[in-house]
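The structure presented is a predicted model; accordingly, all values stated were derived computationally and were not measured.
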There are 2 protein chains.
Amino acid sequence: MATRNIKEVAQLARVSVGTVSNVLNRPEIVAPATRERVFEAIKKLGFVRNEVARHLRVGRSRTVGLVVLDVSNPFFVDVAQGAESVADDHDTMVVLCNSAGDPGRERRHLDQLEQQRVMGILITPVEMESPWLEELAARGTPVVLVDSPATGLQCSVAVDDRLGGQIAGAHLIERGHRRIMFVGGPPSIRQVADRHAGIGAAVAAAAGAVELLTSTSPTLTVAEGRAVGERVAALPAGERPTAAFCANDMMALGFLQAMASHGLRVPEDMAIIGYDDIDFAAAAAVPLSSVRQPRELLGRTAIDLLLEEVAEPEEHRHRQVIFQPDLVVRKSSAQGRNP
Amino acid sequence: MATRNIKEVAQLARVSVGTVSNVLNRPEIVAPATRERVFEAIKKLGFVRNEVARHLRVGRSRTVGLVVLDVSNPFFVDVAQGAESVADDHDTMVVLCNSAGDPGRERRHLDQLEQQRVMGILITPVEMESPWLEELAARGTPVVLVDSPATGLQCSVAVDDRLGGQIAGAHLIERGHRRIMFVGGPPSIRQVADRHAGIGAAVAAAAGAVELLTSTSPTLTVAEGRAVGERVAALPAGERPTAAFCANDMMALGFLQAMASHGLRVPEDMAIIGYDDIDFAAAAAVPLSSVRQPRELLGRTAIDLLLEEVAEPEEHRHRQVIFQPDLVVRKSSAQGRNP
DNA sequence: AGATTGAGTTGAATCGTCTCAACCAACCCT
DNA sequence: AGGGTTGGTTGAGACGATTCAACTCAATCT
């Protein structure tokens, strides 16, 4: 490895290391002729500044970590892209880490990021209560919770999932459905619990006229949605719900697939609503109704908060930003139960 | 920021910094009692080792960069997951960067990664010829090309895209299609060019009996696929192709959507084959036939090659690994044109 | 002439960790 | 008793860039 350092550059350009450093960081204060000589030396040697050493000295990195629950869910990819677009403008790098819903993996990623002394961390935590995260913040790494509730100890951005559930439920009830299923994931995941509570509230508002079934799965994947769908499709028509509200679009897509493979029509035999409104929702077998979240905005806002905290640690006050979801109605729930 | 360093730990534990370092790196050589004292001090102070300083001294990072063409394409996410699973076993971190098909962004990411002195870089380059990449490698950062052709100067892993195109073409021809459209992207992208050449070869083998139309788009997105689909659907039935082979699944999904919204039946009026076989392909409006690539394997192999090069830079010989794609037939191409 | 100013440049100290030769104490062997 | 061995521990350099007080040398002012 032929990595050149600042000293070699200095030698070749016949200046001191201090001057080379100045050329790199404050070119305007060094005499044009000298500056030129240094640039030439840099070019001739193929010198690339060692960001590691720089960072050690300066004490502040230009990298932020983004730890998401599931990279294979396009929702999180969009959040990441939002964050990255802002980071780009502050020549900051976003490193994307995947906890895959596993607290162990999440913990390892956080360890790594803290050891790297990143500028800050954006995270969609696996678990609601996380003393580990608080210690991390206390030790001096700013943390912003993404799509997660406020703890008061950190900044956070989130979307009102309870409201999202409520909207979806109200929509289905209004369409005449009286037997609705919530196709959920582990209730330990806050998003799932809130969306469930939301539709529960909508059902309660119907004063007993509507029945709410609930299924819980270990993961929120397409495969899991399909599995639940298979079971539901196998039920006799009388016991089967007439509508399903899925905890996210991936599950909804799987669920939809199962309906199709059992010859059940959507929305006539089964209405379906998903959550997140990922790009694939509109491209599904039957275009999927879905509760839309402002995905990129979520990411952009999160990193804005982080950058603000880093820039002014003293006067920074932790804030909670909450966005509103809205329902996108497509064919999968277009038709009423009783027209 | 109350970041503790090794010296403070040493003081509290009443040992030298060397001993603390030993506890951290080779615990077995320090006396159990001392070790205990050091661990206690670490815990009490909330000490977290500064990986930046460590790296500066040791000169070798445990991070590899993975620069992909498009994070919003699940294909690349799967490649990344493959790479990460191997990296995990070597406690190495993968940082995922998105060039989004833009040479400028790609270049900036590469600069950043080199400055960070990453252990190596896995990349799906935007452009086929890239002197920049070669200089990078020459300066000492190992590079493995992913899903990209061999240059001889680096290791590479790829899938035979030409063969993939050929298989898809042969399948459609065998099903009786005589007017086929290649729904492609910019021909400057190697994958696109190869897949096009592949289906071209299949058509040529039919000795003039089959006509091949070609559309090119600036990007390979769902939206672009839909746009092309709209145009195609608007054609009079006589001029319209009876089958489409799309450069990737995202385009195929968009194309499929356009067919549906114009009341054209798939596969009766239009057969469709996609490429990559992402998970969403099977969940599409009409389950999508697709040329499958070993996505995770691609990522795993790439990082294996990189780790090998890093472990034994001397005896390492650059290698090109090529995998074979295969066709997954689903409903979107299930029916023959002339049964 | 001597003092003052300002633009450029220098080099030593610093960041936090690792490495390695040197050292120490205790034990064993003859 | 003296020499060798073993198991632990120490502390002084690196690593590569940044910073800043000190310095040089002309040009300008009094």
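- Interface residues of residues 31-39 of chain A facing DNA chain C, ordered by number: A/A31, A/T34; criterion, heavy-atom separation under 4.0 Å.
- A donor-acceptor pair is defined here as one N or O able to donate and one able to accept, closer than 3.5 Å; such a pair exists between the side chain of B/S85 and the backbone of B/G82.
- Here B/R62 does not pair with B/E51 in a salt bridge; the nearest charged N to carboxylate O distance is not below 4.0 Å.
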**Study point:** side chain to side chain donor-acceptor pair (under 3.5 Å) evaluation trace for A/Q191 with A/D147
**Key:** CA-CA 8 Å; A/Q191 287 88 331; A/D147 197 33; 2.9 Å; yes
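- Note that the two end axes of the helix from C/dA1-D/dT30 to C/dT30-D/dA1 enclose an angle of 60°, each drawn from 5 base pairs, rounded to 10 degrees.
- Along DNA chain D, the stretch of nucleotides lying under 4.0 Å from any heavy atom of chain B spans, 5' to 3', D/dG8 to D/dG16.
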Revision key, fill the gap. Contact string for nucleotides 17-28 of chain C, one letter per nucleotide 5' to 3', B = base within protein heavy-atom range under 4.0 Å, S = sugar-phosphate only, - = neither, reads BBB---------
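- Using a 4.0 Å cut-off between a side-chain N of Lys or Arg and a carboxylate O of Asp or Glu, A/R105 and B/D88 qualify as a salt bridge.
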Let me have the donor-acceptor pairs involving side chains of residues 37-47 of chain A, under 3.5 Å, with sequence neighbours excluded, atom names and distances please.
residue: A/R37; atom: NE; partner: A/A13; partner atom: O; Å: 3.0
residue: A/R37; atom: NH2; partner: A/A13; partner atom: O; Å: 3.2

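- By the neighbour-count criterion of 12 heavy atoms within 6.0 Å, atom CD of A/E129 is sparsely surrounded, having that number or fewer from other residues, nucleotides or ligands.
- In this structure, A/H109 has no ring pair (Phe, Tyr, Trp, His ring centres under 6.0 Å) partners at least two apart in sequence or on a different chain.
- Separating the CZ atom of A/R60 from the P atom of C/dC15 is a distance of 18 Å, rounded to the nearest angstrom.
- Residue B/V15 is classed as a sugar-phosphate contact, given heavy-atom separations below 4.0 Å to backbone atoms only.
- In this structure, the side chain of B/T301 engages the main chain of B/L297 through a donor-acceptor pair within 3.5 Å.
- No donor-acceptor contact under 3.5 angstrom links the side chains of B/R49 and B/N5, judged on distance only.
- A/W132 does not carry A/R108 over the face of its six-membered ring by the limits of under 6.0 Å from the centre and within 45° of the normal.
- A/R54 and A/N25 form a side-chain donor-acceptor contact under 3.5 Å, judged by distance and modelled atom types alone.
- Between A/E309 and A/R319, no side-chain nitrogen of the basic residue sits less than 4.0 Å from a carboxylate oxygen of the acidic one, so the salt-bridge criterion is not met.
- Side-chain contact annotation: B/N98 with A/E84, donor-acceptor N/O pair under 3.5 Å absent.
- Regarding A/R14, its CZ atom lies at a distance of 18 Å from the C1' atom of C/dG8, rounded to whole Å.
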